[in-house]
Amino acid sequence: MTSTSTSTSTSTSTSTESVADLVTRLAQEHLSRWQRGYLSDDAKAVGALARLRRGAGKPAGQLPDLWDLLDTQGLHEARRDGRPLSEIELARADDALHTALTLWALHQQSRGTGMHQLHRRDRPRGLGAAVHRLMPANDIDDSLRKRLVRAGNAPDLTTLAQRLRDIVTLLRREDVPLDYALLAGQLYQWQWPDGADRVRIAWGRSFHAWQGHRAPGPEQDNPATGDPSSALPDATDKDTL
């Protein structure tokens, strides 16, 4: 499982670091199950993805159809320090999960390989790295860079989700994967004081971690473990829901 790469300010680090890790873990559990099922043409997973992608870029709770789909029971369990999450922590964690998972569903649509792939230092899969992969080798596409900057400067989570949706549409077109569990944890952190600054720094570092080269061969993640595996058959037909 991946962990978030950013930290929070001293005043909120005790709460947000542990909750961000929890959000990352829960996102990974959902993603691994749904992605594995979708790529195996499981009817329930295909149906779940069709419902989820309708929520991409929209606030959590706006679509009642998703209320029974995102299992957030894990958010109601005690934290590492034994204290239950506060109402604001629960709300922000739920919003982060909703945003990340619905964006993944949009990204995964009609794709025969897993678009959620775990970040590793030797194989960066953060948002900045994904945007950099869209650019020509050894060149910087300023319009793409500005999209990333604009997303990072969003005034609120709803606006951020909409701007990320535009980026994800480009990633989907080019089959560029992203670590959506990592993104979920970062979206949680983004909502706290000083959190947006720290997440922007993480995205910037991720951008520079991808040096314009492409790894040899069509390396893809196993939907369950995040390890490289061969691509699965095309998934286009299942997305007519």
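Scope of the values below: all heavy atoms of this structure, side chains included, with no hydrogens, waters or symmetry mates. As the structure is a prediction and not an experimental result, all values here were calculated from the model.
A donor-acceptor pair is defined here as one N or O able to donate and one able to accept, closer than 3.5 Å; no such pair exists between the side chain of Arg150 and the backbone of Arg163. Judged by distance alone, the side chain of Glu174 and the main-chain N or O of Leu170 form no donor-acceptor pair under 3.5 Å. Counting only distance, with no hydrogens or angles, the side chain of Arg125 and the backbone of Gln117 share no donor-acceptor pair below 3.5 Å. With Ser206 contributing its side chain and Ala202 its backbone, the two residues share no donor-acceptor pair below 3.5 Å. Within the 3.5 Å criterion, the main-chain N or O of Val176 finds a donor-acceptor partner in the side chain of His107.
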> What's the verdict on side chain to side chain contact (heavy atoms under 4.5 Å, CB included) for His132 and Leu148, showing C-alpha distance, side-chain angles and the deciding distance?
Replying inline: CA-CA 10 Å; His132 203 160; Leu148 181 62; over 6 Å; no
> Stepwise, does the side chain to side chain contact (heavy atoms under 4.5 Å, CB included) test hold for Leu157 with Leu187?
Replying inline: CA-CA 8 Å; Leu157 187 63; Leu187 291 174; 4.2 Å; yes
> Step by step, would you call Trp203 with Leu183 a side chain to side chain contact (heavy atoms under 4.5 Å, CB included)?
Replying inline: CA-CA 10 Å; Trp203 289 349; Leu183 180 64; 4.1 Å; yes
>> Could you walk me through whether Thr24 and Leu182 satisfy the side chain to side chain contact (heavy atoms under 4.5 Å, CB included) test, starting with their C-alpha distance in whole Å, then the side-chain angles of each, then the deciding distance to 0.1 Å, before giving a yes or no?
In response: CA-CA 6 Å; Thr24 298; Leu182 173 64; 5.7 Å; no
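Taken together through direct or relayed side-chain contacts under 4.5 Å among Ile, Leu, Val, Met, Phe, Trp and Tyr, Leu90 and Leu26 form part of one hydrophobic cluster. Leu49 and Leu69 end up in the same hydrophobic cluster when Ile, Leu, Val, Met, Phe, Trp and Tyr side chains are linked at under 4.5 Å. Both Leu144 and Leu164 belong to a common hydrophobic cluster when Ile, Leu, Val, Met, Phe, Trp and Tyr are linked at side-chain heavy-atom distances under 4.5 angstrom. Under the 4.5 Å side-chain heavy-atom criterion for Ile, Leu, Val, Met, Phe, Trp and Tyr, Leu178 and Met135 are members of the same hydrophobic cluster.
Using a cut-off of 4.0 Å between Lys/Arg side-chain N and Asp/Glu carboxylate O, Arg25 and Asp21 are scored as not salt-bridged. One finds a salt bridge joining Arg120 and Asp122 here, because a Lys/Arg side-chain nitrogen approaches an Asp/Glu carboxylate oxygen to under 4.0 Å.
Distance CH2/Trp104 to OH/Tyr38: 8.0 Å, rounded to 0.5 Å. Between the OG1 atom of Thr113 and the CG atom of Leu39 there is a distance of 7.5 Å, given to the nearest 0.5 Å. Atom CG of Leu171 and atom CE of Met115 lie 9.5 Å apart (nearest 0.5 Å). Rounding to the nearest 0.5 Å gives a distance of 5.0 Å between CG of Asn153 and CZ of Arg200. Atom CZ of Arg172 is separated from atom CD of Gln109 by 4.5 Å, given to the nearest 0.5 angstrom. The OH atom of Tyr180 lies 8.5 Å from the CG atom of Leu127; values are rounded to the nearest 0.5 Å.
For Ala91, the side chain to side chain contact (heavy atoms under 4.5 Å, CB included) criterion is met by no residue, not counting sequence neighbours. A search for salt bridge (Lys or Arg N to Asp or Glu O under 4.0 Å) contacts involving Arg51 returns Asp65, Asp68, not counting sequence neighbours. In this structure, Asp166 has no salt bridge (Lys or Arg N to Asp or Glu O under 4.0 Å) partners at least two apart in sequence or on a different chain. Residues passing the side chain to side chain contact (heavy atoms under 4.5 Å, CB included) test with Ile88, sequence neighbours excluded: Ser86, Arg92, Trp192. In this view, His30 and Trp34 satisfy the ring pair (Phe, Tyr, Trp, His ring centres under 6.0 Å) rule, not counting sequence neighbours. With sequence neighbours left out, the side chain to side chain contact (heavy atoms under 4.5 Å, CB included) criterion links Gln162 to Thr158.
Between Leu103 and Val168, the closest heavy-atom pair is O-CG1, 3.6 Å. Closest heavy-atom contact between Arg111 and Arg173: NH2-CA, 4.4 Å. Residues Leu52 and Ala105 share a closest heavy-atom pair of CB-CB, 3.5 Å. In this structure, Ala184 and Ala100 approach most closely via the heavy-atom pair CB-CB, 3.6 Å. Contact record, Gln108 with His116: OE1-N, 4.3 Å, taken as the closest heavy-atom pair. The shortest heavy-atom contact between Val199 and Gln186 is CG2-O, 3.3 Å.
Side-chain atoms of Pro124 and Arg133, non-hydrogen and from C-beta on, never get closer than 4.5 Å to each other.
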